[in-house]
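Notes follow the structure.
The chains referred to below are lettered A, B, ... by the order of the sequence lines, with proteins before strands, and numbering in each begins at 1.
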Amino acid sequence: MTRLLTREELAVDPVDAAHLLLGCSIEAHGVRARIVEVEAYRGADDPASHSYRGRTARNEVMWGPAGRLYVYFIYGMHFCANVVSMTDGEAGAVLLRAAEIVDGVELAAQRRPAARKPSDLARGPARLCTALGITREHNGVDVTEPSSPIRLWAAPEPCRKVNSGPRVGVAAAHDTPWRFWVDSPAVSPYRRGGKRSKER
DNA sequence: ACCCCGATCTCCT
DNA sequence: GGAGATCGGGGTT
């Protein structure tokens with residue numbers, strides 16, 4: 001489908017990379033999904049980012065060249081995947097929050113028995129990873145490489161209408177609208193982060 | 001040793 | 001649509 005995204009295209013500010021990624025599709029382990037919701041994360045200037053406090057073993061790939069996958073473990077049972085952006089040496093990544101399965105629906109459904117309808121298969125960052133078979137072992141995988149097990153296909157056309165709002169579940173930087181999505185039933189529900197999440 | 005952080009599932013209303 | 005349960009890792013002290 002179309003062509004693979006290039007490292008050069010992704011080596012930009014995460015907010016720009018986030019817009020670029022909407023409408024693209026991610027292909028992994030027999031499933032292809034159209035990305036409909038993402039979040040941008042930066043480095044030292046972004047208190048919500050894993051790399052806010054500097055380079056560590058965990059966030060190492062966020063600092064490397066663009067086009068690699070940054071996969072992290074969460075809640076003792078889930079994984080979330082980001083596409084690394086920015087130039088080598090600077091931290092930046094785009095969290096893949098939700099996607100529509102466009103190929104391999106049956107496989108995705110097997111991996112996600114709890115999903116009750118197709119739009120729920122990759123509706124949420126950890127669900128997306130589960131549906132596509134992405135785990136810790138794929139941390140650092142280059143998604144711009146044709147031989148890679150996980151690849152990113154360019155959007156057939158730019159998305160017309162892009163919505164934005166605060167990032168989901170993050171306690172910090174609540175007023176930074178770096179969550180971007182297109183209209184789709186697969187977009188995940190919004191949750192405010194932090195202690196104040198119950199105050200509204 | 002400790003504290004903070006967060007996605008999903010299953011009920012329930 | 002909301003409530004409550006579930007768990008391991010990262011970073012700092």
- State which of C:dG11, B:dA7, B:dG6 makes the closest approach to the side chain of A:Asn59. C:dG11

- Message: Could you tell me how far apart A:Tyr72 (OH) and C:dG11 (P) are, to the nearest whole angstrom?
- Response: 13 Å

- Task: May I have the distance from A:Phe79 (atom CZ) to B:dT8 (atom P), rounded to whole angstrom?
- Result: 13 Å

- Query: Please give, in whole Å, the distance from B:dG6 P to A:Leu95 CG?
  - Reply: 12 Å

- Send over the distance from A:Tyr190 OH to B:dA7 P, rounded to a whole Å. 11 Å

- Query: If you look at every strand shown and take non-hydrogen atoms under 4.0 Å, does A:Arg112 touch a base, only sugar-phosphate, or nothing?
  - Reply: sugar-phosphate

- Walk me through it: do A:Tyr41 and A:His50 pass the test ring pair (Phe, Tyr, Trp, His ring centres under 6.0 Å)? CA-CA 8 Å; A:Tyr41 288 89; A:His50 282 183; 7.4 Å; no

- Message: Over all strands shown, is A:Pro125 touching base, sugar-phosphate only, or nothing at heavy-atom distances under 4.0 angstrom?
- Response: sugar-phosphate

- Query: Base, sugar-phosphate, or nothing: which does A:Ser188 touch, judged by heavy atoms less than 4.0 Å apart?
  - Reply: nothing

- Would you indicate what A:Tyr75 reaches in the nucleic acid, counting non-hydrogen atoms under 4.0 angstrom: base, sugar-phosphate, or nothing? base

- Item | A:Cys129 SG to A:Arg136 CZ distance, which is reported to the nearest 0.5 Å | 12.5 Å

- Item | Interatomic distance where CG belongs to A:Asp120 and P belongs to C:dG1 [whole Å] | 13 Å

- Rounded to the Å, how far apart are A:Phe73 CZ and B:dG6 P? 16 Å

- Item | Toward the 5' end of DNA chain C, by each residue's nearest nucleotide, A:Ile74 or A:His50 | A:Ile74

- Task: Identify which nucleotide among C:dG11, B:dA7, C:dG9 has an atom closest to any side-chain atom of A:Arg136, counting heavy atoms from C-beta outward.
- Result: C:dG9

- Item | Donor-acceptor under 3.5 Å (A:His19 side chain, A:Asp16 main chain) | no

- How many angstroms lie between CZ in A:Arg167 and CG in A:Asp175, if you round to the nearest 0.5 Å? 9.5 Å

- So, is A:Arg127 close to the B:dA7 phosphate, meaning a side-chain N or O under 4.0 Å from OP1 or OP2? no

- Give a yes or no on whether a salt bridge exists between A:Asp120 and A:Arg112, defined as a side-chain N under 4.0 angstrom from a carboxylate O. no

- Query: Closer than 4.0 Å, any side-chain N/O of A:Arg116 to the OP1 or OP2 of B:dC9?
  - Reply: no

- Task: In whole angstrom, give the distance that lies between atom CZ of A:Arg97 and atom P of B:dT8.
- Result: 7 Å

- Item | Interatomic distance where CZ belongs to A:Arg167 and C1' belongs to B:dA7 [whole Å] | 17 Å

